[in-house]
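Note sheet for the following structure.
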Amino acid sequence: MTVLPFGVWALLALIPCPGATEELFEVSVWPNQALVRFGQSLVVNCSTTCPDPGPSGIDTFLKKTQVDEGRQWKLFLLEGVTENSVLRCFFSCAGIQKDASLDITVYREREPPEQVILELQPDWVAMDEAFTVRCLVPRVAPLEYLTLTLFQGNQELYRKNFVSLALASQRAEVTISIKAQREDDRCNFSCSAEVDLNSRGGGLFRGRSAIKVLRIFEFFQSPLIWVSSVLEVGTAEPVSCEVARVFPAKEVVFHMFLGDQELSPFLSWKGDTVWANATVRAMEAGDQEVSCFVSLGPVEQQTRQLVRIYSFPPPILEIEESHTLAGTDVNVTCSGHALTSPSPTLRLQGAPDVPAPGEPAWLLFTAKEEDDGRNFSCEASLEVQGQRLVKTTVIQLHVLYKPRLEESGCPGNQTWVEGKEQMLACVPEGNPAPALACTWNGVVIDLAVPQKATQSRTGIYCCTATNQLGSVSKDIAVTVQGPSEGSSSTIFFIIFVLLVVAINTTTLCFNCRPCKRKKRKLPYHPNKAEQSQYAVQQAEMCNSRNFCVESGLQVNEISTIGVSQGGKSGSRKKEETL
């Protein structure tokens with residue numbers, strides 16, 4: 001090399017002139033501190049103040065090459081520096097050897113802290129338990145200029161430097177322990193590494209770890225299962241699994257099973273309690289387990305409960321003929337289903353006896369019209385796990401009979417009031433329900449439409465009721481009555497009663513007079529025929545004198561009253577006479 005660094009010339013200028021005392025010579029090395037980027041080269045100058053130095057050189061394990069020299073100095077090139085080391089420069093003068101040392105520090109310019117690692121142990125921590133935060137830098141140089149800082153979020157937790165460590169070490173680590181609290185859940189932790197080489201002209205280098213998230217949990221209680229101890233095959237039943245005092249509740253994971261069948265639970269929360277509700281449907285009878293597995297972070301707990309699954313279909317209720325004719329014998333049988341185990345106890349409504357378990361119950365009777373629509377019920381009872389279970393089947397009997405037109409539902413004589421809307425009253429009986437058709441003077445009339453009553457509507461109506469079993473007909477005599485006839489008849493009846501009372505009173509008084517004169521004579525008591533004849537005579541007298549007409553009485557009504565007193569035949573004869 002033809003051009004020397006400025007520092008080398010400065011050192012050469014300090015070399016004393018010949019003639020100085022040889023015993024007082026010094027040895028020096030430049031630079032006094034060496035900071036080398038990883039893999040780069042370094043120029044080192046060794047010099048002395050001895051005017052006539054003897055043997056000299058440098059002592060290092062690094063690859064070295066002498067590139068220049070003078071009387072009192074030598075220049076060396078160190079290539080591919082990758083490790084920290086200590087170089088020794090020596091000179092001898094008048095048989096005396098002295099040396100000087102140089103500390104060589106290697107750094108990496110692109111990633112000064114090559115790797116910064118943060119560890120949380122464990123990453124899921126039970127509340128009130130301790131966890132550790134560890135920051136590690138596997139390779140860093142120069143280590144004595146390194147500072148590691150731990151952060152929780154943006155808050156500094158701990159700081160450490162490594163000035164006192166040996167220069168040969170390239171590993172740095174810091175660890176702290178913290179007690180877990182609920183507020184620490186989901187907190188971010190990180191680590192920062194700084195290498196400050198400003199004092200050696202190298203600048204400031206930083207590195208940071210990846211962020212770690214801490215999870216805090218509380219899960220100390222085992223889950224509880226709520227399910228019936230007995231389940232019926234094919235029937236949907238609710239099942240619930242509950243966990244209390246768990247945090248964070250909304251991150252709890254449930255897995256529920258009936259035997260090997262996994263259920264699909266629906267979760268709900270309230271505070272620190274979680275419920276998983278599902279529907280279970282067993283398809284086979286026997287004993288099976290309902291299990292609930294609950295996990296949160298690294299912890300899993302489970303609970304199992306044994307249930308008895310039974311098969312109990314409703315009993316079979318049969319009527320030999322559910323639609324039977326009146327007067328026919330009916331056989332009703334109640335039996336247990338073949339899938340029911342053990343055999344149930346049966347009870348048939350109306351049956352005289354309760355059969356033994358496994359035996360059918362039966363009832364035999366003759367169907368009557370009033371049995372139509374009668375319900376029969378069969379009750380089967382079964383005991384499972386100390387519980388009494390009951391199933392009931394109901395069936396209805398239909399009794400068929402021919403149509404009838406009873407006087408109560410279809411009167412043979414009906415009176416309509418003239419001028420009013422009237423309907424023919426006729427309701428047939430029969431099962432199936434008969435269809436009713438009525439005619440008047442050969443014309444079919446609509447029974448659902450009211451008709452205005454007139455004198456022309458008087459006559460005989462013919463009604464026919466028909467169902468699958470036959471038909472029946474009946475004539476209905478309809479009389480249309482004037483609107484004032486009803487009130488006139490009432491007035492006539494009252495006046496007639498008063499007239500009869502007056503006549504009887506007069507007759508009694510007349511007969512009493514002889515009795516006063518002749519006490520031994522027996523009183524005369526007319527018989528009923530004579531009384532009736534007397535009443536008719538009075539009516540004729542009344543008619544001849546026009547008394548009844550002036551009083552508003554009808555002659556035929558007087559005759560009708562006579563019928564009640566003297567007999568039906570006499571009244572008809574008197575009506576014809578009048």
Side-chain angles (χ1 to χ4, degrees), residues 228-237 281-286 308-410 426-436 464-472 474:
S228 174
S229 59
V230 292
L231 301 177
E232 184 176 1
V233 170
T235 302
E237 294 287 349
R281 190 188 301 270
M283 303 311 296
E284 295 182 0
R308 172 68 56 85
I309 300 173
Y310 66 94
S311 177
F312 185 22
I316 300 173
L317 180 59
E318 296 176 308
I319 296 181
E320 189 174 358
E321 287 290 341
S322 60
H323 292 73
T324 186
L325 294 175
T328 305
D329 289 341
V330 177
N331 187 13
V332 183
T333 305
C334 171
S335 58
H337 200 282
L339 296 179
T340 305
S341 179
S343 298
T345 300
L346 303 174
R347 182 183 296 274
L348 176 61
Q349 179 186 8
D353 301 317
V354 177
E359 296 294 327
W362 59 273
L363 175 65
L364 180 64
F365 67 98
T366 301
K368 301 178 181 178
E369 293 182 6
E370 52 267 27
D371 291 327
D372 182 51
R374 178 180 174 183
N375 289 327
F376 294 88
S377 65
C378 174
E379 180 185 278
S381 61
L382 184 68
E383 186 171 327
V384 179
Q385 294 287 91
Q387 298 185 29
R388 183 176 179 270
L389 308 174
V390 177
K391 291 288 183 70
T392 303
T393 301
V394 177
I395 196 171
Q396 191 175 64
L397 176 66
H398 300 278
V399 179
L400 307 180
Y401 51 93
K402 295 180 179 180
R404 292 199 309 270
L405 294 174
E406 299 287 352
E407 187 68 18
S408 58
C410 189
C426 189
V427 179
E429 296 181 7
N431 191 26
L436 182 66
T464 302
T466 305
N467 66 8
Q468 291 90 328
L469 302 179
S471 63
V472 64
K474 183 175 183 178

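Below, each value reflects all heavy atoms present in this structure, side chains not excepted, and no hydrogens, waters or symmetry copies. Owing to the predicted nature of the structure, the values given are computational and were not obtained by experimental measurement. The residues of the chain are indexed from 1 along the displayed sequence.
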(Q) Donor-acceptor pair, distance only, cut-off 3.5 Å: does the side chain of R281 make one with the backbone of T235? (A) no

Q.
Is it true that, when you exclude K402 itself, more than 12 heavy atoms of the residues, nucleotides or ligands shown sit nearer than 6.0 Å to its NZ?
A. no

Q | Non-hydrogen atoms of S377 and L348 that approach each other most closely | A | O-CD1, 3.6 Å

Q. Could you state the interatomic distance from NZ (K368) to CD (E370), rounded to the nearest 0.5 Å?
A. 5.5 Å

Q) Between L317 and V394, is a side-chain contact (heavy atoms from CB on, under 4.5 Å) present by the stated rule, with each step listed? A) CA-CA 7 Å; L317 180 59; V394 177; 5.6 Å; no

Q.
Could you measure the distance from the CG atom of L346 to the CD1 atom of I316? Nearest 0.5 Å is fine.
A. 10.0 Å

Q: For the pair S322 (side chain) and I319 (backbone), establish whether a donor and an acceptor sit closer than 3.5 Å, ignoring hydrogens and angles.
A: no

Q) If every non-hydrogen atom of H398 is compared with every non-hydrogen atom of N431, which pair is closest and at what distance? A) C-ND2, 4.4 Å

Q.
Determine whether V330 and F376 satisfy the following criterion, side-chain contact (heavy atoms from CB on, under 4.5 Å), listing intermediate values before the conclusion.
A. CA-CA 12 Å; V330 177; F376 294 88; 5.9 Å; no

Q) Under 3.5 Å, is there a donor-acceptor pair between the side chain of E379 and the main chain of T392? A) no

Q. T393 side chain to P315 main-chain N or O, any donor-acceptor pair under 3.5 Å?
A. yes

Q.
Rounded to the nearest 0.5 Å, what separates atom CD in Q349 from atom CG in L363?
A. 9.5 Å

(Q) Ignoring hydrogens, what is the shortest heavy-atom contact between M283 and V233? Give both atom names and the distance. (A) O-CG1, 3.7 Å

Q) Closest approach of C410 and K474, non-hydrogen atoms and distance? A) O-NZ, 2.7 Å

Q. Does E369 offer a backbone N or O that forms a donor-acceptor pair with the side chain of D372 under 3.5 Å?
A. no

(Q) Working to the nearest 0.5 angstrom, can you tell me the gap between I395 CD1 and N375 CG? (A) 9.5 Å

Q.
For a 4.5 angstrom cut-off between non-hydrogen side-chain atoms, does V230 reach F312?
A. no

Q) Can you check whether E321 reaches T328 side chain to side chain, under 4.5 Å on heavy atoms? A) no

**Q.** Over all atoms of both residues, closest heavy-atom pair of E284 and I309
**A.** O-CG2, 3.1 Å

Q.
Rounded to the nearest 0.5 Å, what separates atom CD in Q385 from atom OG in S228?
A. 9.5 Å

Q. Can you tell me if N467 uses its side chain to pair, donor with acceptor, with the backbone of Y401 under 3.5 Å?
A. yes

(Q) Which heavy atom of A367 sits nearest to which heavy atom of L325, and what is that distance? (A) CB-O, 4.1 Å

(Q) Rounded at 0.5 Å granularity, tell me how far CD in E232 sits from OG in S311. (A) 7.0 Å

